[in-house]
Q: 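Before I ask anything, here is the structure I am working with.
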Number of protein chains: 2
Amino acid sequence: MATDFRNKLQAEGLKVTPQRVAIFEAILRLNNHPTAEDIIAFIKTNHPNISVGTVYKVLDIFVEKKLIQKVKTEKDVMRYDPFLSNHHHLYCANTERIEDYEDEKLNQLIAEYFKKNKIKNFKIQDITLQITGKFSSQNKSKK
Amino acid sequence: MATDFRNKLQAEGLKVTPQRVAIFEAILRLNNHPTAEDIIAFIKTNHPNISVGTVYKVLDIFVEKKLIQKVKTEKDVMRYDPFLSNHHHLYCANTERIEDYEDEKLNQLIAEYFKKNKIKNFKIQDITLQITGKFSSQNKSKK
DNA sequence: GTTGTAAAGATAATGATTCTTATTTAGGAA
DNA sequence: TTCCTAAATAAGAATCATTATCTTTACAAC
Ligand SMILES: [Mn+2]
Ligand SMILES: [Mn+2]
Ligand SMILES: [Zn+2]
Ligand SMILES: [Zn+2]
């Protein structure tokens with residue numbers, strides 16, 4: 001996992017720097033699909049003089065190299081996801097909480113559906129569900 | 001349709017102003033899920049001195065009153081959708097094009113699936129698919 | 001040691017959006 | 001119709017997430 005990350009960076013010809021490690025670890029720990037600001041705040045304790053620009057730069061690189069993903073929201077702040085597999089998101093209707101939702105059976109159901117029902121003039125690469133609603137067990141990793 | 005819009009505004013106790021009408025019509029005409037900037041550019045021809053702040057304000061009101069929806073993207077610009085029914089979106093992997101995708105059969109399939117497979121601690125309100133891929137018939141209403 | 005290059009830090013700039021304030025207007029009341 | 005006033009708009013400043021620029025550092029190859 002941590003070594004996996006190092007390997008992936010090196011395979012892309014990118015250096016394994018303390019900043020990059022710290023940013024990646026922060027995203028893993030902050031498991032509510034953190035914003036850049038969340039990440040900076042988290043890192044600041046052990047790594048007080050990290051530069052804001054560096055964080056944004058590194059996040060872009062991670063996204064480009066597919067070490068993380070961006071998560072779409074209706075807000076004017078980007079959020080990041082270290083979880084790369086085909087999965088879906090539960091959006092809280094009231095708060096900024098976003099939880100992962102994995103469901104292989106559902107993925108297959110949808111894949112089969114689209115195998116039979118092609119979309120004209122469109123080649124599907126990826127399907128993600130945004131499931132909006134309310135969490136009943138309050139909090140957990142709120143924002 | 002146009003009167004429907006007026007009624008809905010009045011039902012909410014909101015005044016029907018030329019700006020609001022122009023903004024709503026612009027969103028209908030600009031059928032690629034326009035940004036505020038797209039809307040402003042479109043309106044400027046007939047309505048040269050509309051204020052940017054007004055457009056953002058009005059868009060917020062429309063969203064709040066459910067006359068339009070926001071469309072989630074990975075970009076730092078908001079996009080708006082006049083289409084309110086349960087529908088999905090086809091995101092072009094290369095361009096900013098976003099098309100509506102309506103599929104009642106799919107909606108039912110998914111609804112049935114979740115009727116049988118509840119998500120623990122979560123009450124679903126709405127499900128939207130983001131379908132990413134490539135359009136084969138190039139353009140139509142590009143960005 | 002010198003050179004070259006990727007990466008990080010500091011900080012200015014950008015661009016979408018929001019806020020503030022003065023002015024105008026829609027539309028109900030008189 | 002005319003008046004009145006809360007609601008809405010215009011103009012422009014401010015905010016804030018993100019980008020860009022420029023300098024400095026890390027570190028490897030020569
Ligand atoms: Mn921006
Ligand atoms: Mn912004
Ligand atoms: Zn996720
Ligand atoms: Zn739509």
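Convention: sequence-line order gives letters A, B, ...; per-chain numbering from 1.
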Q: Quick one: A/K75 NZ to C/dT17 P, roughly how many Å, whole number?
A: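 In whole Å, C/dT17 P lies 14 Å from A/K75 NZ.
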Q: Which residues satisfy the side chain to side chain donor-acceptor pair (under 3.5 Å) test with B/K75, sequence neighbours excluded?
A: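 Listed in chain order: B/E96.
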Q: Could you list the residues that satisfy side chain to side chain donor-acceptor pair (under 3.5 Å) with B/H88, not counting sequence neighbours?
A: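 Side chain to side chain donor-acceptor pair (under 3.5 Å) check on B/H88 returns B/N107.
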Q: Would you tabulate the pairs of protein nitrogen or oxygen atoms and nucleotide nitrogen or oxygen atoms of nucleotides 26-30 of chain C closer than 3.5 angstrom?
A:
residue	atom	partner	partner atom	Å
C/dA26	N3	B/K15	NZ	3.2
C/dG27	OP1	B/V16	N	2.7

Q: Could you give the CG-to-P distance, from B/D76 to C/dG15, as a whole number of Å?
A: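 Between P of C/dG15 and CG of B/D76: 11 Å.
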Q: Would you indicate which nucleotide in D/dA10, D/dA17, C/dG9 comes nearest to any side-chain atom of B/Q19?
A: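 Between D/dA10, D/dA17, C/dG9, the one nearest the side chain of B/Q19 would be D/dA10.
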Q: On the ring face of A/Y91, is B/K72 found with NZ or CZ under 6.0 Å from the centre and within 45° of the axis?
A: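 Geometry flag: set, cation within 6.0 Å and 45°.
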Q: Decide side-chain contact (heavy atoms from CB on, under 4.5 Å) for B/L129 and B/D103; before the verdict, give the C-alpha distance in whole Å, the side-chain angles of both, and the deciding distance to 0.1 Å.
A: CA-CA 11 Å; B/L129 275 72; B/D103 189 335; over 6 Å; no
Q: For B/E64 and C/dT18, what is the distance between atoms CD and P respectively, to the nearest whole Å?
A: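 The distance from CD of B/E64 to P of C/dT18 comes to 13 Å, rounded to the nearest Å.
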Q: Quick one: A/K65 NZ to C/dA6 P, roughly how many Å, whole number?
A: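 Distance check: A/K65 NZ to C/dA6 P gives 13 Å.
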Q: When you measure from the side chain of A/R6 to the backbone N and O of A/V16, does any donor-acceptor pair fall under 3.5 Å?
A: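 Flag not set: sc A/R6 to bb A/V16 has no pair under 3.5 Å.
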Q: What is the distance from CD1 of B/I40 to P of C/dG15, rounded to the nearest Å?
A: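 So the two atoms are 15 Å apart, to the nearest Å.
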Q: With a 4.0 Å heavy-atom cut-off, tell me which residues in residues 43-62 of chain A come close to DNA chain C, sorted by residue number.
A: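 Nucleic-acid contacts, sorted: A/N49, A/I50, A/S51, A/T54, A/V58.
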Q: Measure from CG on B/L9 to C1' on D/dT9 and round the result to the nearest Å.
A: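 That distance rounds to 15 Å.
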Q: Who pairs with B/T128 by side chain to side chain donor-acceptor pair (under 3.5 Å), at least two apart in sequence or on another chain?
A: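 B/T128: side chain to side chain donor-acceptor pair (under 3.5 Å) contacts with B/D126.
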Q: Please identify each residue that fulfils side chain to side chain donor-acceptor pair (under 3.5 Å) with B/N117, with sequence neighbours left out.
A: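 By the side chain to side chain donor-acceptor pair (under 3.5 Å) rule, B/N117 matches no residue at all.
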Q: Under 6.0 Å between the ring centres of A/F62 and A/F5?
A: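 Under 6.0 Å, so yes.
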